[in-house]
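Before any comments, here is the structure.
Small disclaimer: the values here were computed from a predicted structure and weren't measured. So that the names make sense, note that chain A is the first sequence line, chain B the second, and so on, each numbered from 1.
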2 protein chains.
Amino acid sequence: MRKPALKHSTISDVAALAGVSKSTVSAVLNNKKIRESTRRAVLRVIEELNYRPSPSARRGFRPATGKSITFIVKEAPNPYYAEILLGIQEVAGDQGYLISVSSSEGSYEVERRIVEQCTEREVDGLIITPILSDDVDLSHLFELKRHGAPFVLLEEVRGIRAHLVDVDNVKASGEAVKFLIDQGHSLIVHFAGPKYSEHTQERADGVRRAFSESHLRFDEAMIVHAGASPEDGYRVGLEYFGARREDRPTAVTCYNDLVALGLLRALRELGIRVPEEVSVVGFDGLDLLDYFPLPLTTVRVPKYEMGKRAAEILIRQIESRTSAPAEPEKVALKAELVIRASTRRLTA
Amino acid sequence: MRKPALKHSTISDVAALAGVSKSTVSAVLNNKKIRESTRRAVLRVIEELNYRPSPSARRGFRPATGKSITFIVKEAPNPYYAEILLGIQEVAGDQGYLISVSSSEGSYEVERRIVEQCTEREVDGLIITPILSDDVDLSHLFELKRHGAPFVLLEEVRGIRAHLVDVDNVKASGEAVKFLIDQGHSLIVHFAGPKYSEHTQERADGVRRAFSESHLRFDEAMIVHAGASPEDGYRVGLEYFGARREDRPTAVTCYNDLVALGLLRALRELGIRVPEEVSVVGFDGLDLLDYFPLPLTTVRVPKYEMGKRAAEILIRQIESRTSAPAEPEKVALKAELVIRASTRRLTA
DNA sequence: ATGAAAGCGCTAACAC
DNA sequence: GTGTTAGCGCTTTCAT
């Protein structure tokens, strides 16, 4: 009958095995003055038992000294988040906060686990781009509120009253479509984002609204499900444009710049010229795309600014150590349509 | 004479103020059966004091239940790390680990603070792309070793015997240059990376070696300091190529694909054609660049594979709970030159 | 130089 | 239902 193999050994185990008291072991651990022979003996036992002192016990329950913030994103590879992060770093870094980024990869369950671990590890605050869940089960966010844990959202979550920093996506997306309509386009489709994102809904709604405010008729077929990555834009682009010739739309607005990037490649490979035959509009205004030879017309989201504002609100919340504010702050930043070379006026 | 304003209130404070015992407060905290009036009274005091139970005390010192790994990168916005992360997630996610990413942004000091916080917050293991420090002061990594904390490096650190997963950068960089020489180029420069990176040294050394093994003569002026970002490649590209006409190199190898991307933009704006007038070679083989219209010749690093291998080694280390291994594993993955459209044979 | 004992914030077992 | 007590792993007096 062997001992339960996995139990972590404690300072008492070490003391007992070394034939000294706990305080002596503690002294060794903290490099106090100890007779060399004793020290060596203790260290030998520590080695043997593979003993590691528990950090929280060492602190005697006092909270960790370092200040930390976690930024929960939805897709690790999207530079969109990297640009927001820069803004967060700018504000929080100066104030001594360390930022860590975790990705939910579109999974609600992963998001919940990340939040739980943040609580467990005493992270001081969270900036979250939340997954849109079908469940009414927002329990992890409610838990945060209940615990009075500071957090800021970067997308609205219905049913949660919390701090929010975002742009008006419906409006911005609508303006992009309105621009295309004004340029003479009438066959317009929208390559929509992933189902797990509230922004996907809002940007599609923007398209609907722009049509309803125009002389044109909206048809749900104009909303094409794509996704959030270049692969998605590419795949759907090939499918969609590979399958039609004359009834082809003359313009596409995309969920984001990455989808637009994928679509541009698909069109290139299909021999369809941009903007001559098809106009393409992105969303986000990624800095990285400034290096792309064809300047993309896009909706520029002030990502850096978003990060800064979110961090400011979060830190204020953390440091004022007051519980949930009566009225959560809702910051609506301005998104701006940037017209470049991937769109053209339809003269036909 | 007011109380020290910042002391965190404890369960005893709440109990005292509410006129009940600690256990009653604890019961309220854990939703045990409590008379409604008592519960409300306690909650009111909790609210008033803005009391939050200490997670570690709740666990009674037992280590956090969730398993976690931290990935320390050097530049948050570089998709290179995102691709490695995918590999890490693949392996570690399946095993129930949550990954968080922190960026040192090229600062040795920040790297050290991140490592310290990881220890404080009981992160189970680290995957690190280390900053190259002039100091001999690698104390934070030594601390990790001393504490027996599991970690894997993605770049060599001289003087530290630790697990390592990397490619042979000297060889790979040399092969790129040799390829250019074989294609008839003799005026070749290297846009080198940031000083804080060991890879920068190794890749520059590859250039030197390729020249020394050729019939051509190497000159230190062929190593041009650029950086790691598109902005760096762009800025240095404009400076370098803007300043010369006839004595212009016919080929450039870059520290990474992002620098190459910046250089390509600079050349485009200067009206210099690629590959007709200048051949450009990148490094890393970013997936994202598959969406770039001009396919870039580059050295493909198996980033996904790197992440997987690093995670495997790390997790083995974590779970075998044995202290520092006698012999650290050094995994050298294969990097491969991918020849595409940004380079051409010099026929002149 | 070393040991005994108290205490950090909380939960759990048992009384009342 | 609620209070008492002990104990989680460690550091810190204070003796010895």
Side-chain angles (χ1 to χ4, degrees), chain A residues 3-4 6-46 49-65 119-122 124 146-149 321, chain B residues 3-4 6-46 49-65 119-122 124 146-149 321:
Chain A
K3 290 253 189 75
L6 285 149
K7 199 197 164 296
H8 227 76
S9 34
T10 76
I11 198 173
S12 305
D13 302 334
V14 175
L17 238 174
V20 298
S21 75
K22 295 193 296 173
S23 350
T24 305
V25 178
S26 176
V28 171
L29 253 30
N30 296 283
N31 295 309
K32 307 275 165 114
K33 33 197 162 71
I34 286 287
R35 197 190 311 139
E36 196 47 33
S37 59
T38 316
R39 175 189 303 279
R40 281 220 313 279
V42 170
L43 285 174
R44 226 181 39 69
V45 176
I46 285 181
L49 259 44
N50 192 246
Y51 164 73
R52 310 285 163 232
S54 145
S56 42
R58 292 191 88 156
R59 291 195 303 267
F61 301 116
R62 259 169 299 285
T65 50
T119 311
E120 197 174 39
R121 304 203 185 256
E122 309 185 52
D124 300 303
R146 219 174 57 71
H147 283 355
R321 284 263 122 267
Chain B
K3 291 252 188 75
L6 285 150
K7 199 196 164 298
H8 227 75
S9 34
T10 78
I11 199 173
S12 306
D13 301 333
V14 176
L17 238 174
V20 297
S21 75
K22 294 194 296 174
S23 354
T24 302
V25 177
S26 176
V28 170
L29 253 30
N30 296 283
N31 293 310
K32 307 272 166 118
K33 36 197 161 70
I34 287 286
R35 196 191 312 141
E36 195 47 34
S37 60
T38 316
R39 174 190 304 279
R40 281 218 316 277
V42 170
L43 285 175
R44 225 181 41 70
V45 176
I46 287 181
L49 259 45
N50 195 248
Y51 163 74
R52 310 283 163 234
S54 145
S56 44
R58 294 190 86 157
R59 291 196 304 266
F61 301 116
R62 260 169 297 287
T65 50
T119 311
E120 198 175 38
R121 305 201 186 257
E122 308 185 52
D124 300 303
R146 218 174 56 72
H147 284 355
R321 283 261 123 268

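- Not one side-chain nitrogen or oxygen of A:Arg59 sits closer than 4.0 Å to the OP1 or OP2 atom of D:dT11.
- Counting only heavy atoms from C-beta outward, the side chains of A:Ile46 and A:Leu29 approach each other to under 4.5 Å.
- Backbone-only contact: B:Thr38 has heavy atoms under 4.0 Å from sugar-phosphate atoms and none from a base.
- Contact check for B:Arg40 versus B:Arg44: no side-chain heavy atoms found under the 4.5 Å cut-off.
- Remark: P of C:dT11 and CG of B:Asn31 are 12 Å apart, rounded to the nearest angstrom.
- Residue A:Lys32 contributes atom NZ, which lies 9 Å from atom P of D:dT11 at whole-angstrom precision.
- Separating the CD1 atom of B:Ile11 from the P atom of D:dA6 is a distance of 18 Å, rounded to the nearest angstrom.
- Each of B:Arg39 and A:Lys22 was matched to the nucleotide of DNA chain D holding its nearest heavy atom; the match closer to the 5' end belongs to B:Arg39.
- The side chain of A:Arg58 contributes an N or O atom lying less than 4.0 Å from OP1 or OP2 of D:dT11.
- Contact annotation: the side chain of B:Arg39 approaches that of B:Asn31 to within less than 4.5 Å [non-hydrogen atoms, C-beta and beyond].
- Remark: B:Thr24 is in phosphate contact with D:dG3, judged by side-chain N or O atoms under 4.0 Å from OP1 or OP2.
- What separates CD of B:Glu122 from P of D:dC10 is a distance of 11 Å, to the nearest Å.
- Of the side-chain N and O atoms in B:Ser54, none sit less than 4.0 angstrom from OP1 or OP2 of C:dG9.
- Contact annotation: the side chain of B:Val42 never approaches that of B:Val45 to less than 4.5 Å [non-hydrogen atoms, C-beta and beyond].
- Following rounding to the nearest Å, A:Tyr51 (OH) and D:dG9 (C1') show an atom-to-atom distance of 7 Å.
- With rounding to whole Å, B:Asp13 atom CG is found 9 Å from C:dC10 atom P.
- For C:dA12, the base has no donor-acceptor partner in the side chain of B:Ser26 [N/O atoms by modelled type, under 3.5 angstrom].
- Taking atom CD1 of B:Ile46 as the reference point, atom C1' of C:dC10 lies 13 Å away to the nearest angstrom.
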